[in-house]
Amino acid sequence: MLRYALLTTTLLSLAACGGETTAVPANAPESDFSLTPVVEELEFPWGIAVLPDGNMLVTEREGRLNLVTPTGDKTVISGAPDAFVERQGGYFGLALDPDFASNRTIYMSYAEGDAGDNATAVMRAVLSEDGTALSDVTDIYRADARDTAFHFGGRLQFLPDGTLLVSLGEGFRYMEDAQDPTNTHGTLVRINSDGSIPDDNPFADGENGKAEVYSYGHRNIQGLWYDAETDTIFASEHGPKGGDEVNIIGAGNNYGWPAITYGLNYDGSVITTKTEAPGMEQPIVKWVPSIAPSGLLRYTGAKYPELTGGLLAGGMNGPAGQKLVHIALDGTTPVSETYYLTDLQRPIRDIAQTAEGDLYVVTHELDGGLYRLTPGN
């Protein structure tokens, strides 16, 4: 069993629509946790989906989809598609169909293609009753092609109306395209569960943007969550060197990348001097320096009272950024931040909550694993 201390921080800041930033107070932690291994020796695990029976689907970036039981039994699920596994490419996020209990349908995003022509794709398939095989495997969506193995996005989130959000990175070298909604680089797209385009999307007529584009000006969304209590879409995304963000997503909105940013190029050079501009949204949270946020949910259970009602995000940028981040909310407004897992220095790629209120995380490492967060000493 892994043990760790808790640490709070005062580094979080809020950005109002006018660009004003205000420091957020830190809270003292109320309790310690234990991180209990469920399955280890996973190769860069990426996404988690909790099944109604309590078992979990876990993707490995290297192109494996696993069924994992809470007691640690693991089975590689057959029938999943081949992926373009290179750099950041491979298997990504998972989502269960809203009617999974009756149709056993799952969705997975992955890098499809080859070095010269690849894109984030979404496949739909039926999971067998014993959870060991896929059938009726169909690609329902493929983003615009790129020739790079970076910034794929890959998070999936169903909305109450049955439509599916898919995050798409800007491919790194195509960052200027993120300001052009007539392509899908650096966007959040909204599709129906069969891959068709909803007729109420903001660019549904195709005149000023691609019909599937829901929001644009993103760099690389790696956390995506719909909060039913507040009817809010939250998204966390990677900035460059500094400028990681949490945003509230609105239909048709422009989130600024790379015209505005709180970060720099990795070599320290300036991308832009602007951190705000008319018609471009400001984040509700930003991190400078970067923590590489990945995975996002609002915890609604009772097993971890100090976390209830707050956003949880994994941090992967290490060693200082490798942590589990809790953001306390007043409605949709962040009010304080607490960092967990800092002594462990393990990159947290995804987070999942069970119906019973348990929390599971995966660590994004060559020898990564699936762990359960255990309250108490």
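Numbering of residues begins at 1 and proceeds along the displayed sequence.
Atom CG of Asp82 is surrounded by 12 or fewer heavy atoms from other residues, nucleotides or ligands within 6.0 Å. More than 12 heavy atoms of other residues, nucleotides or ligands sit less than 6.0 Å from atom CZ of Arg142.
Using modelled atom types and a 3.5 Å distance limit, the side chains of Asn103 and Asp97 yield a donor-acceptor pair. A side-chain donor-acceptor contact under 3.5 Å links Gln282 and Tyr262. Tyr371 and Glu40 are linked by a side-chain donor-acceptor pair at a separation below 3.5 angstrom, with hydrogens and angles left out of the test. Side-chain atoms of Tyr141 and Asp194 form no donor-acceptor pair, as typed in the model, at a separation below 3.5 Å. A donor-acceptor pair shorter than 3.5 Å can be found between the side chains of His218 and Glu237. Under the 3.5 Å distance criterion, with hydrogens and angles disregarded, a donor-acceptor pair is assigned to the side chains of Thr300 and Gln353. Side-chain N/O atoms of Thr333 and Asp330 include no donor and acceptor closer than 3.5 Å. Looking at Tyr214 and Asn201, their side chains never bring a donor and an acceptor atom within 3.5 Å of each other.
A pairwise comparison of heavy atoms in Arg298 and Gly309 identifies NE-O, 2.7 Å as the closest pair. Smallest separation of non-hydrogen atoms from Ala95 and Leu156: CB-CB, 3.9 Å. Across Pro52 and Leu96, no two heavy atoms sit closer than the pair CD-CD1, 4.4 Å. The minimum heavy-atom distance between Thr182 and Lys210, with the atom names listed, is O-CG, 2.9 Å. When all heavy atoms are compared, the tightest approach of Gly263 to Ile271 is O-CD1, 4.1 Å. Of all heavy-atom pairs spanning Pro198 and Ala204, the tightest one is O-CB, 4.0 Å.
For the pair Leu94 and Leu65, the minimum side-chain heavy-atom distance is below 4.5 Å. Under the 4.5 Å side-chain criterion, counting only non-hydrogen atoms from C-beta, Ile233 is in contact with Leu165. With a 4.5 Å cut-off on side-chain heavy atoms, Ile106 and Met123 count as touching. By the 4.5 Å heavy-atom criterion applied to side chains, Leu297 and Leu311 are not counted as neighbours. In this structure, Thr71 and Asp73 have side chains that are in contact, with non-hydrogen atoms separated by less than 4.5 Å. No side-chain heavy atom of Asp350 sits less than 4.5 Å from a side-chain heavy atom of Thr59. Residues Ile191 and Val166 are in side-chain contact: their nearest non-hydrogen atoms beyond the backbone lie under 4.5 Å apart. Within the 4.5 Å cutoff, no side-chain heavy atoms of Asn66 are placed close to those of Ile77.
For the side-chain contact (heavy atoms from CB on, under 4.5 Å) test, residues two or more places apart in sequence or in another chain that qualify with Thr354 are Val50, Glu356, Asp358, Tyr360.
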Inset, instruction - Please lay out, stage by stage, how Trp46 and Tyr91 fare under the test side-chain contact (heavy atoms from CB on, under 4.5 Å). - result: CA-CA 7 Å; Trp46 212 98; Tyr91 279 8; 5.9 Å; no
Inset, instruction - Please assess Tyr255 against Leu188 for the test side-chain contact (heavy atoms from CB on, under 4.5 Å), listing each intermediate value before the final yes or no. - result: CA-CA 11 Å; Tyr255 290 84; Leu188 186 65; over 6 Å; no
Inset, instruction - Dump the intermediate steps for ring-ring contact (aromatic ring centres under 6.0 Å, His included) on Phe158 and Tyr107, then the final yes or no. - result: CA-CA 10 Å; Phe158 271 100; Tyr107 299 78; 5.2 Å; yes
Inset, instruction - Begin with the C-alpha distance, continue with both residues' side-chain angles, and end with the deciding distance and a verdict on side-chain contact (heavy atoms from CB on, under 4.5 Å) for Leu307 and Leu312. - result: CA-CA 8 Å; Leu307 305 181; Leu312 291 173; 4.3 Å; yes
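The main-chain N or O of Gly250 is never found under 3.5 Å from a side-chain atom of Ser215 such that the two would form a donor-acceptor pair. Without hydrogens or angle criteria, Thr363 side chain to Ile348 main chain gives no donor-acceptor distance under 3.5 Å. Formation of a donor-acceptor pair under 3.5 Å by the Arg349 side chain with backbone atoms of Met316 is not found in this model. Using a distance-only test at 3.5 Å, with no hydrogens or angles considered, a donor-acceptor pair links the side chain of Gln88 to the main chain of His151. Ser109 places no side-chain N or O within 3.5 Å of a backbone atom of Arg155 that could act as its donor or acceptor partner. Listed for the Thr138 side chain is no donor-acceptor partner under 3.5 Å among the backbone atoms of Arg124. A side-chain donor-acceptor contact under 3.5 Å links Asp114 to the backbone of Asp117. Between the side chain of Asn317 and the main chain of Ser290, a donor-acceptor pair closer than 3.5 Å is present. Of the possible polar contacts, one joining the Thr308 side chain to the Gly301 backbone as a donor-acceptor pair under 3.5 Å is found. Remark: the backbone N or O of Gly239 is paired with a side-chain donor or acceptor of Asp244 at under 3.5 angstrom.
Both tests hold for Arg219 against Trp257: distance to the six-membered ring centre under 6.0 Å, angle to the ring axis within 45°. The cationic atom of Arg146 (NZ for Lys, CZ for Arg) lies less than 6.0 Å from the six-membered ring centre of Phe152 and within 45° of the ring axis. For the pair Lys241 and Tyr266, the NZ or CZ position fails the cation-pi test of under 6.0 Å to the six-membered ring centre and within 45 degrees of the ring normal.
By the 4.0 Å N-to-carboxylate-O rule, Glu43 lies too far from Arg61 to be salt-bridged with it.
Note that CZ of Arg190 is 10.5 Å distant from CG of Leu164, once rounded to the nearest 0.5 Å.
The six-membered or imidazole ring of Phe234 lies away from that of Trp225, with a centre-to-centre distance of 6.0 Å or more.
Note: Phe172 and Phe150 have tilted aromatic rings, judged against thresholds of 30 and 60 degrees for the angle between ring planes. Ring geometry, Tyr299 versus Tyr304: the interplanar angle exceeds 60°, so the pair is classed perpendicular (tilted spans 30 to 60°).
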